Number of protein chains: 2
Amino acid sequence: MQADSALARELRHHYLFSALTEAQQLRLLATAVPRRLAAGERLFSRGDSAAQFFLLRSGCVKLYRLSPEGSEKIMRLIRPPQTFAESVLFMDVPCFPVSGEALDAAELIAFDRETFLGILRESFATCRAVMAHMTRRIQAHWDEIETLALENSRYRVVHYLLGLVPRDAQGQLTVTLPARKSVIAAHVAVTPETLSRTLRALSDEGLIEVAGEAVTVRDVERLRRHMH
Amino acid sequence: MQADSALARELRHHYLFSALTEAQQLRLLATAVPRRLAAGERLFSRGDSAAQFFLLRSGCVKLYRLSPEGSEKIMRLIRPPQTFAESVLFMDVPCFPVSGEALDAAELIAFDRETFLGILRESFATCRAVMAHMTRRIQAHWDEIETLALENSRYRVVHYLLGLVPRDAQGQLTVTLPARKSVIAAHVAVTPETLSRTLRALSDEGLIEVAGEAVTVRDVERLRRHMH
DNA sequence: CGGCTGAATTGATGCGCATCAAGGCGCAAC
DNA sequence: GTTGCGCCTTGATGCGCATCAATTCAGCCG
């Protein structure tokens, strides 16, 4: 892959790459492969052997698992400029623990696992960044396990909506759902019917208004209090 | 803390410490603090600021979260010789993301966060071990999220039982539950009543026999097939 | 031995959410 | 315009599991 200054600039601002030297970055890019996906195209399946991890530059990718009966749980929705599947870096027999599929047309970069591992060895700062990032992910998982185990579907939906509003927001504001409603449903682990009914109930109570993919929260504070 | 050759030997066999030099190990032990807990005693609460992580040498510790209504989800049951709360190592404002409490009387060692971070900086092998370990934990979390989202309580109980039998086991064998049944229940996210009924149903079907904390699986293969 | 205490079991009931099924609505094709 | 196709919505029904309540059981101490 040839030098791409726009890409190089993107990498500079990304936690995984920002601590790399110029030379390391070039080494990494030398083995990086750009990739395009059509909407609905699959990138990898759970269990596939893995020699790469990815940076999403545009579009939207879902990481998911299927139950034997065919129902889907979306583990993570990837939006630019996020990396994903970094976990294959450290597995003894590297293979993807989830499936990945484009929701919209997507552009991404595939980085070579071995090259990046070689660079990691030389950069404690990057090691540290990776570990810090994994820690945040573990915390997020704990939050999700907690809400799945202890909270009901209404709570999960409200919690999800609040996750879309900026941390310091207050009063009224409008957020747009990052994907189709059925995708949101598979993400918060309810059926599309239940999601629809829950949003209906919330808007009947005057807490939100729904217009297609645009959800306006009437009063962020009130919705936050409403969680319990 | 003074040199303790039994402890030193334990550390040698632990993934976090096995790659350390003699000198590093001594530095670490110099700031390590032994600690005893009575049954039921709390080690830390969710949100407490954290300057240490722990190695359990004997007894049993539960890591858990409580819902506002008071129900409990056990996130992890710690048994010797496991370390826990390593995640505080990499947090900007280090604080425990779960509560920790001894189930039985327990002995543990508290390691100083900063000391270990200093050692990490010098040991890529240990960095690598930490990252590999975090990866395994993340995978385990995904498995748990999947079963909470997609599987029913019976599946979760069977899955838990199968997790207690050795990977290559077959035929009949007896496992002993690692804790009281109500603790197991809080771990697989069901009520004690449901756990009791599920075990009853499984033994009525001839799949297992339950005698107090001893559960004998009549036929491991059959139970595995039974999952779906 | 009997009585106390906390855990485990069993039963009766109800609610939450999935499931199944039937419209409604937006949007692209022609 | 009309047709067709996804997606979302709304309704009717049923099952799974929590909840509440009552026994039974096991361990412990007097």
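Quick caveat, the model's predicted, so the values are computed rather than measured. Throughout, protein chains are lettered first and strands after them, A, B, ... in sequence-line order, and every chain is numbered starting at 1.
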Round to the nearest Å and state the distance from [X] atom [atom1] to [N] atom [atom2].
X       : N       : atom1 : atom2 : result
K181(A) : dG24(C) : NZ    : P     : 18 Å
R156(A) : dA18(C) : CZ    : C1'   : 12 Å
N152(A) : dA18(C) : CG    : P     : 11 Å
E69(B)  : dT19(D) : CD    : C1'   : 14 Å
L148(A) : dC17(C) : CG    : P     : 12 Å
E213(B) : dC25(D) : CD    : P     : 19 Å
Y155(A) : dG16(C) : OH    : P     : 18 Å
E151(B) : dA18(C) : CD    : P     : 14 Å

Exercise for review: Look at S182(A) and dC8(D) and indicate whether a side-chain polar atom (N or O) is within less than 4.0 Å of OP1 or OP2.
Suggested key: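 Answer yes for this pair, as a side-chain N or O of S182(A) is under 4.0 Å from OP1 or OP2.
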
Review point. R65(A) and R46(A): which non-hydrogen atoms are nearest, and at how many Å?
Key: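 So the minimum-distance heavy-atom pair works out to NH1-NH2, 3.3 Å.
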
Exercise for review: Spell out, as yes or no, whether a donor-acceptor pair under 3.5 Å connects the side chain of R113(A) to the backbone of V88(A).
Suggested key: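 Yes, because the side chain of R113(A) sits within donor-acceptor range (under 3.5 Å) of the backbone of V88(A).
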
Point to revise | Degree of bending, the helix from dC1(C)-dG30(D) to dC30(C)-dG1(D) (end axes from five pairs; round to 10°) | key: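 What I find for the helix from dC1(C)-dG30(D) to dC30(C)-dG1(D) is an axis angle of 30°.
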
Can you find a side-chain donor-acceptor pair between [X] and [Y] that sits under 3.5 Å?
X       : Y       : value
R200(A) : S203(A) : no
E193(B) : S196(B) : no
T176(A) : E213(A) : no

**Study point:** Nearest listed nucleotide, side chain of V190(B), among dC17(C), dA18(D), dA8(C)
**Key:** dA18(D)

**Study point:** Sole candidate of V215(A), T174(A), T216(A) that passes side chain to side chain contact (heavy atoms under 4.5 Å, CB included) when paired with I208(A)
**Key:**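 Only match with I208(A) under side chain to side chain contact (heavy atoms under 4.5 Å, CB included): V215(A).
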
Check your understanding: For DNA chain C, which residues in residues 191-207 of chain B have a heavy atom at a distance below 4.0 Å?
Key -> E193(B), S196(B), R197(B), R200(B)

Exercise for review: With rounding to the nearest 0.5 Å, note down the distance linking CG in L11(B) to CG in L55(B).
Suggested key: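 It is 6.5 Å, given to the nearest 0.5 Å.
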
**Study point:** CG-OH distance between L162(A) and Y155(A), expressed to the nearest 0.5 angstrom
**Key:**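 The CG atom of L162(A) sits 9.0 Å away from the OH atom of Y155(A).
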
Point to revise | V190(A) side chain near T198(A) side chain, heavy-atom distance below 4.5 Å | key: no

